[in-house]
Asks: 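Here it is, the structure, as structure tokens.
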Amino acid sequence: MSTPAGPSEVRVRFAPSPTGYLHVGGARTALFDWLFARQHNGTFILRIEDTDVERSSEEMTRGILDAMTWLGLHWDEGPYFQSKRLDLYRELAERLVSGGHAYLDEGAIRFRVPEGRVTYQDAVFGEISVESDTIENFVLLRSDKHPTYHLSVVVDDIDMRISHVIRGADHISNTPKQILLYRALGASLPVFAHLPLILGPDKTRLSKRHGATSVSAYQEQGILPEAMRNFLALLGWAPGNDQEMFDDEALIQAFSLQGISKANAVFNPEKLAWFNAQYIARLPHDKVVEYLRPEYAKVGLWRDSFEKEDREWFRSLIDLYRPRAKVLQDFPRQSRIFLTDHVEFDPTAVEKFLKDETVRGHLRRLADRLAALPEFNHHSIEEAVRGLANELGVKPGVLMNPARVALTGQSVAPGLFDVMVLFGRENTVQRLRLS
RNA sequence: GUCCCGUUCGUCUAGCCCGGUCUAGGACACAGCCCUUUCAAGGCUGCAGCACGGGUUCGAAUCCCGUACGGGACGCCA
């Protein structure tokens with residue numbers, strides 16, 4: 001075995017089993033591990049627990065790594081694969097047998113649980129204490145010579161000099177068994193910190209029947225990794241004050257094991273959506289474009305000029321929709337009116353605003369007015385529109401609501417003057433005249 | 001069933017360790033109002049909670065005990 005970690009050296013690991021996708025619970029655990037490592041200038045290790053040959057798969061491993069990368073949880077060591085370390089587990093299982101700590105049972109090796117009470121201090125839950133006669137002699141090595149979870153996790157945590165075991169609270173009752181194993185192997189204990197579970201709205205463990213649970217599903221739904229991180233950080237942890245918006249630096253600063261809650265938390269997708277909207281509204285333009293490029297490309301609306309000659313125009317377009325978007329897909333969906341020549345008219349809106357012949361006459365006059373403007377910008381357009389309304393003796397809305405429909409085909413759109421600027425004078429005038 | 005753990009607005013939570021400053025604070029959602037060219041965004045206001053019962057104490061969301069409810073673990077799964 002390697003030498004134990006020094007007292008100040010923080011080494012944590014995230015150890016998923018590649019028997020499924022990375023779900024939000026696992027992601028939250030990984031995030032806390034990562035935050036803790038970063039805060040202490042420690043090492044974040046990724047270990048794949050693939051000792052169940054039947055259920056583990058490479059695609060799942062791939063998916064987990066991708067999801068971690070998308071979430072921005074970069075690991076410093078690994079991924080280590082337990083399937084490549086089988087000899088080590090066998091060797092130690094045999095050592096435990098010869099030391100009298102374990103025994104053969106029909107081809108498997110079982111741990112001999114000693115009498116007494118096992119007590120430890122959990123960094124989150126405080127003292128946890130169990131009478132060892134409630135613990136069965138558990139299997140360490142299966143008859144096929146593959147280790148069980150308890151053996152491999154303890155052996156690896158010792159070997160990899162893990163200083164803090166941060167994992168889900170579903171492992172609390174496993175911990176005494178593992179502590180017994182540490183003792184039998186003559187190793188010192190890491191700090192154990194168990195995280196409260198994430199539940200569905202019905203307070204049962206979050207699962208597929210509650211809706212999307214995999215990180216990649218949220219990625220596909222147009223959730224930003226920044227938003228996901230911020231949201232997940234606040235599930236089971238709180239800074240002790242009222243702050244809610246955290247960038248990574250602030251999160252790393254503020255995070256602490258003391259701030260972790262003992263009570264399970266219900267996953268609230270609406271709050272996630274709110275965080276997402278906040279980040280969409282706030283992220284730097286280049287970052288947003290980076291996320292948006294594939295979304296526009298997906299629906300055939302991306303043009304390379306958005307990053308070249310039309311850069312400023314595209315920036316204005318994006319800014320117009322930032323406060324209106326909840327997910328990334330909202331951008332192409334809502335802004336497509338600016339990106340295709342074809343206008344689709346909403347029949348209800350047409351019926352309501354463009355039926356009246358007088359109104360259409362007004363719009364043609366407005367078109368003339370706009371065509372004659374020396375400058376075509378937000379301010380000059382506003383003056384022209386309000387001026388004309390005044391001359392006609394009508395409220396500005398009488399002009400503006402029909403104009404909006406004439407331009408966009410819809411009764412719901414961003415501010416009319418912004419819309420006109422974005423369309424440009426020619427396009428605006430033409431669409432008004434065609435109405 | 002046995003063992004372990006938890007319980008503050010519908011939800012995420014602050015406060016609890018070190019009892020009075022808590023007529024319990026913030027956020028999401030919801031409702032109303034304001035802003036306003038529609039829709040958002042934003043601002044303001046409102047709705048709503050210490051699971052229950054004992055005890056300790058001058059005083060308990062905060063400490064102790066019990067009950068109820070909830071969760072987790074009891075696999076040659078992890």
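Just so it is clear: chains get the letters A, B, ... in the order the sequence lines come, proteins before strands, and each one is counted from 1. As a basis for the values below, the full set of heavy atoms in this structure was taken, side chains included, without hydrogen atoms, waters or symmetry mates. This is a predicted model, so every value here is computed, not measured.
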Asks: Atom NZ of A/Lys262 and atom P of B/C5: how far apart are they, to the nearest Å?
Replies: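 Checked: the NZ to P distance equals 11 Å.
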Asks: Determine, for A/Arg365 against A/Asp368, whether the closest basic-nitrogen to carboxylate-oxygen distance falls under 4.0 angstrom.
Replies: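 No salt bridge links A/Arg365 with A/Asp368.
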Asks: Under a 3.5 Å cut-off for both distances, is B/C18 Watson-Crick or wobble paired, and to whom?
Replies: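 Looking at the geometry, B/C18 pairs with no nucleotide.
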Asks: Salt bridge check, A/Asp33 against A/Arg167: does any charged N sit closer than 4.0 Å to a carboxylate O?
Replies: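 Result for this pair is no, no salt bridge flagged.
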Asks: Specify the closest pair of heavy atoms between A/Pro18 and A/Thr61, including all atoms of both residues, with the distance to one decimal.
Replies: CB-OG1, 3.2 Å
Asks: Given atom CZ of A/Phe267 and atom P of B/U13, what is their separation to the nearest angstrom?
Replies: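 After rounding, the gap between these two atoms is 13 Å.
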Asks: Which parts of nucleotides 60-78 of chain B does protein reach within less than 4.0 Å, heavy atoms only, written one letter per nucleotide 5' to 3' as B for base, S for sugar-phosphate only and - for none?
Replies: -----------SBSSSBBB
Asks: Looking across every strand, which nucleic acid part, if any, lies under 4.0 Å from A/Glu127 by heavy atom: base, sugar-phosphate, or nothing?
Replies: sugar-phosphate
Asks: Decide, yes or no, whether a salt bridge links A/Arg364 with A/Glu357 under the criterion of side-chain N to carboxylate O below 4.0 Å.
Replies: yes
Asks: Return the value, rounded to whole Å, for the distance between atom CG of A/Asp133 and atom C1' of B/U2.
Replies: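 Going from CG in A/Asp133 over to C1' in B/U2 covers 11 Å.
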Asks: Round to the nearest Å and state the distance from A/Asn276 atom CG to B/A40 atom C1'.
Replies: 15 Å
Asks: Report the relative orientation of the aromatic rings in A/His164 and A/His40; use parallel for angles under 30°, tilted for 30 to 60°, perpendicular for over 60°.
Replies: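 Judged by the thresholds at 30° and 60°, the geometry between A/His164 and A/His40 is parallel.
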Asks: Does the Lys NZ or Arg CZ of A/Arg28 fall within the cation-pi geometry relative to A/Phe32 - under 6.0 Å from the ring centre and within 45° of the axis?
Replies: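 Positive - A/Arg28 is close enough to the ring of A/Phe32 and near enough to its axis.
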Asks: For nucleotides B/G43 and B/C50, find the distance between their C1' atoms and express it as a whole number of Å.
Replies: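 My reading of the C1' atoms in B/G43 and B/C50 gives 31 Å.
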Asks: Identify whether the distance between the nearest side-chain nitrogen and carboxylate oxygen of A/Glu136 and A/Arg110 falls below 4.0 Å.
Replies: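 So A/Glu136 does not pair with A/Arg110 through a salt bridge.
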Asks: Starting at CD1 of A/Ile280 and ending at P of B/G42, how long is that distance when rounded to a whole Å?
Replies: 13 Å
Asks: Could you report the tightest heavy-atom contact between A/Leu71 and A/Ala27, atom names first, then the distance?
Replies: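 Closest approach of A/Leu71 to A/Ala27: CD1-CB, 3.8 Å.
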Asks: Closest to the A/Ala263 side chain: B/U38, B/U37, B/U7?
Replies: B/U7
Asks: Would you indicate which nucleotide in B/C3, B/U37, B/C12 comes nearest to any side-chain atom of A/Val130?
Replies: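 Nearest nucleotide to the side chain: B/C3.
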Asks: Partner lookup for B/C74, please. Criteria are Watson-Crick or G-U wobble with both distances under 3.5 angstrom; report none if nothing qualifies.
Replies: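 Per the H-bond distance test, B/G1.
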Asks: May I ask you to check whether A/His210 and A/Asp202 show a side-chain donor-acceptor distance below 3.5 Å?
Replies: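 Yes, because at least one side-chain N or O of A/His210 sits under 3.5 Å from a partner of the opposite role on A/Asp202.
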Asks: Return the pairing partner of B/G66 with a 3.5 Å limit on both distances, Watson-Crick or G-U wobble; otherwise return none.
Replies: B/C52
Asks: Heavy atoms only, 4.0 Å cut-off, all strands: where does A/Phe417 land among base, sugar-phosphate and nothing?
Replies: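 Base, at least one base heavy atom under 4.0 Å.
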Asks: On a whole-Å scale, what distance lies between the C1' atoms belonging to B/C77 and B/C22?
Replies: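 Looking at atom C1' only, B/C77 and B/C22 are 47 Å apart.
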Asks: Look at the aromatic rings of A/Phe314 and A/His285 and report parallel, tilted or perpendicular, splitting at 30° and 60°.
Replies: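 Rings of A/Phe314 and A/His285: perpendicular, as their planes differ by over 60°.
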Asks: Sticking with atom P, work out how far B/G26 lies from B/C44, rounded to a whole angstrom.
Replies: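 These two P atoms come out 11 Å apart once rounded.
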Asks: NA contact type, A/Leu416, heavy-atom cut-off 4.0 Å: base, sugar-phosphate, or nothing?
Replies: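 If one applies the 4.0 Å heavy-atom cut-off, A/Leu416 turns out to touch a base.
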Asks: What is the distance, rounded to the nearest whole Å, between atom CZ of A/Arg324 and atom P of B/U38?
Replies: 12 Å
Asks: Whom does B/C44 pair with, Watson-Crick or G-U wobble, provided both distances fall under 3.5 Å?
Replies: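 Answer to the pairing question: B/G32, which forms a Watson-Crick or G-U pair with B/C44.
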Asks: Would you mind building the protein contact string for nucleotides 14-28 of chain B? One character per nucleotide, 5' to 3', B for base within reach (heavy atoms under 4.0 Å), S for sugar-phosphate only, - for untouched.
Replies: S----------BBBS
Asks: Write down the distance separating the C1' atoms in B/C65 and B/A48, rounded off to the nearest Å.
Replies: 31 Å
Asks: Any base atoms under 4.0 Å from A/Gly168, or only sugar-phosphate, or nothing? Heavy atoms, all strands.
Replies: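 The answer is nothing, as A/Gly168 stays clear of every strand by at least 4.0 Å.
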Asks: Using atom C1' of each nucleotide, how far apart are B/U56 and B/C63 to the nearest Å?
Replies: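 Result for the C1' pair: 8 Å, nearest Å.
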Asks: Does NZ or CZ of A/Lys177 lie under 6.0 Å from the centre of the six-membered ring of A/Phe138, at an angle within 45° of the ring axis?
Replies: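 Ring-cation test returns yes.
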Asks: Can you measure A/Asp418 atom CG to B/U38 atom P for me and round it to whole angstrom units?
Replies: 14 Å
Asks: Would you say A/Arg322 reaches B/A40's phosphate, i.e. side-chain N/O to OP1/OP2 under 4.0 Å?
Replies: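 No.
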Asks: Could you give the CD1-to-P distance, from A/Ile179 to B/C4, as a whole number of Å?
Replies: 15 Å
Asks: On a whole-Å scale, what distance lies between the P atoms belonging to B/C16 and B/C69?
Replies: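 B/C16 and B/C69 have their P atoms separated by 30 Å.
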Asks: Between B/G19 and B/C74, how far apart are the C1' atoms? Round to whole Å, please.
Replies: 39 Å
Asks: Given the C1' atoms of B/C52 and B/A68, what is the spacing between them in whole Å?
Replies: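 Comparing C1' positions in B/C52 and B/A68 gives a spacing of 7 Å.
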